There are 2 protein chains.
Amino acid sequence: MPSNAPRPSDPSRLVSLLWEPSDRPGRTGLTKQAVVENAIAIADAEGIGALTMRRVADRLGVGAMTLYTHVPGKPELVELMIDAVAGEAYADGALPGEQDGWRAGLRHIAERNWRHHLRHPWTVEVVPGRPVLGPGVSAKYELELAPLDGIGLSDLEMDQVLCGVLALVESTARQQVGLDRVRAGGGDLDWWATVSPALARSMSGSRFPLAERVGAASGEAVEAGDPHAVMRLSLELLLDGVAGRLR
Amino acid sequence: MPSNAPRPSDPSRLVSLLWEPSDRPGRTGLTKQAVVENAIAIADAEGIGALTMRRVADRLGVGAMTLYTHVPGKPELVELMIDAVAGEAYADGALPGEQDGWRAGLRHIAERNWRHHLRHPWTVEVVPGRPVLGPGVSAKYELELAPLDGIGLSDLEMDQVLCGVLALVESTARQQVGLDRVRAGGGDLDWWATVSPALARSMSGSRFPLAERVGAASGEAVEAGDPHAVMRLSLELLLDGVAGRLR
DNA sequence: TCGATTGTCCGTACAGTGTACGGTACAACG
DNA sequence: CGTTGTACCGTACACTGTACGGACAATCGA
């Protein structure tokens, strides 16, 4: 992005872009929706780094610059993508508010968000800015607040507990995505086998007794433990904490 | 990154790179350490997106390709950067293991990591792959395990609780960094003022009663709440949960 | 003291990026 | 049948990471 003075990116324009469903197909039948869907397909398969205006255009059989009549620019395209996939999270009808109690509701939220991040790994790659105030994100927020409503939390606490759970899931999913990526990238199934001798040679002298003992317990040797297990344990601890405050 | 087949990136080479302090200055006095330090300075000030091999080289007064005799490539440079800053986290001597009890220890860890991420915002921008097994990261891990040792947790639980706390901090810090970024970027102090009318117009019809009520409570209107507050509350809840398991 | 070798330095080149600009061509309207 | 608006897009620009090969300095063996 060589533009030294980046485009201003009008926020209210983005809001109408997010909510406007009326997207008349142009001469070639191209719609904003099609642009967003194809961008999501690329990012899902190869990560946000592979998402390129030219590649989206190629998939759609149009010139690169044509995209700019449907979408203001790449950052806005990414926000549209975020809102679009947010709408899918509870599309199958198993809503958080319908679970058996607030604990089950929050567990459901955590698992759904985990799946969501793994299905769309680029969602943990983009650094969030302002919240994306589109229909998908709004509906998701509404559904996820439901299990927390009326159990004795203030409105502020409801928001903060939900945010805490989502933060936990996002960060652990991020690690999982990174791990999947390096594993898929090269034949480093033997990563530890190749690293271990060099590490032992280098570390001789400096000693990390706790790190070695605990690292060994966590997964095979020093390799990072399962992020999903971390997420589930931390979630249960957090839920225990919530239960304590309700009593 | 136009190389369709990315460099293999030998992991054991990286390990020796991480641990080797012997970095003979070349003809121009350039060292690996200097490369890493200047890269950190750029990324600290302008984010990982502004970190460019040419910019690092310019700061050092050498040609771009010269960097490649000290560092295998950009990904490896980033890993070196991560290990280098990890070493600073407890450089002032206030160690987690010296705090008054495991709760205070974990709180100290959380606050130090929060500060760490805000000081080096790019640490929440890079997607982690394999753990960076350098001296800085290893020492940090060792220090952070200390308050959890001997309080009744298994080795695996120690690792998972620590990871959970760090995950919470990372994700909330990420949000804070994003918020800081957009606030610094443009004069959108009036972001909500400009977005609000367009949003009200767009949302007419679809109704999100919970989202509106709770969103209003969380910060000014629908704006996202304070990430640091989310982190602290969630941390306390998580610590309550840990306390429950110990009893 | 003199090659030979080794490792540091770097100019050039290539394939790729987001998007500003200006032009073309088609659909709808008067 | 103009005229107009807008969808489309070719070209250009400044920028990226790094492969390649050459130039220079220092060190070593004889």
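Just so it is clear: chains get the letters A, B, ... in the order the sequence lines come, proteins before strands, and each one is counted from 1. Predicted, not measured: the structure shown is a model, and the values here were computed from it. FYI, side chains are in, hydrogens and waters are out, and symmetry mates aren't considered; it's all heavy atoms of this structure.
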Describe the nucleic acid contact of A:Leu51 in one word from base, sugar-phosphate, nothing, applying a heavy-atom distance below 4.0 Å.
sugar-phosphate
With sequence neighbours excluded, tell me which residues meet side-chain hydrogen bond (donor to acceptor under 3.5 Å, both in side chains) with B:Asp58.
none
Is the side chain of B:Ser171 donor-acceptor paired with the backbone N or O of B:Ala167 at a distance under 3.5 Å, no angle test?
no
Donor-acceptor check, side chain of B:Lys32 to backbone of B:Leu18, threshold 3.5 angstrom: yes or no?
no
Between [atom2] of [N] and [atom1] of [X], the distance in whole Å:
| X | N | atom1 | atom2 | answer |
| --- | --- | --- | --- | --- |
| A:Met53 | D:dC9 | CE | P | 14 Å |
| A:Leu67 | C:dG18 | CG | P | 10 Å |
| A:Tyr68 | C:dG18 | OH | P | 6 Å |
| A:Ile42 | C:dT17 | CD1 | P | 10 Å |

Please identify each residue that fulfils ring pair (Phe, Tyr, Trp, His ring centres under 6.0 Å) with A:His116, with sequence neighbours left out.
A:His120
Going through the checks in order, is the side chain to side chain donor-acceptor pair (under 3.5 Å) test met by B:His228 and B:Gln175?
CA-CA 9 Å; B:His228 190 259; B:Gln175 274 165 257; over 6 Å; no
Give the B/S/- string for nucleotides 5-12 of chain C, one per nucleotide from 5' to 3', where a protein heavy atom under 4.0 Å of the base yields B, of only the sugar-phosphate yields S, and otherwise -.
--BBBBBB
Step-by-step salt bridge (Lys or Arg N to Asp or Glu O under 4.0 Å) determination, B:Lys140 to B:Glu144:
CA-CA 6 Å; B:Lys140 180 163 177 282; B:Glu144 289 177 339; 3.4 Å; yes
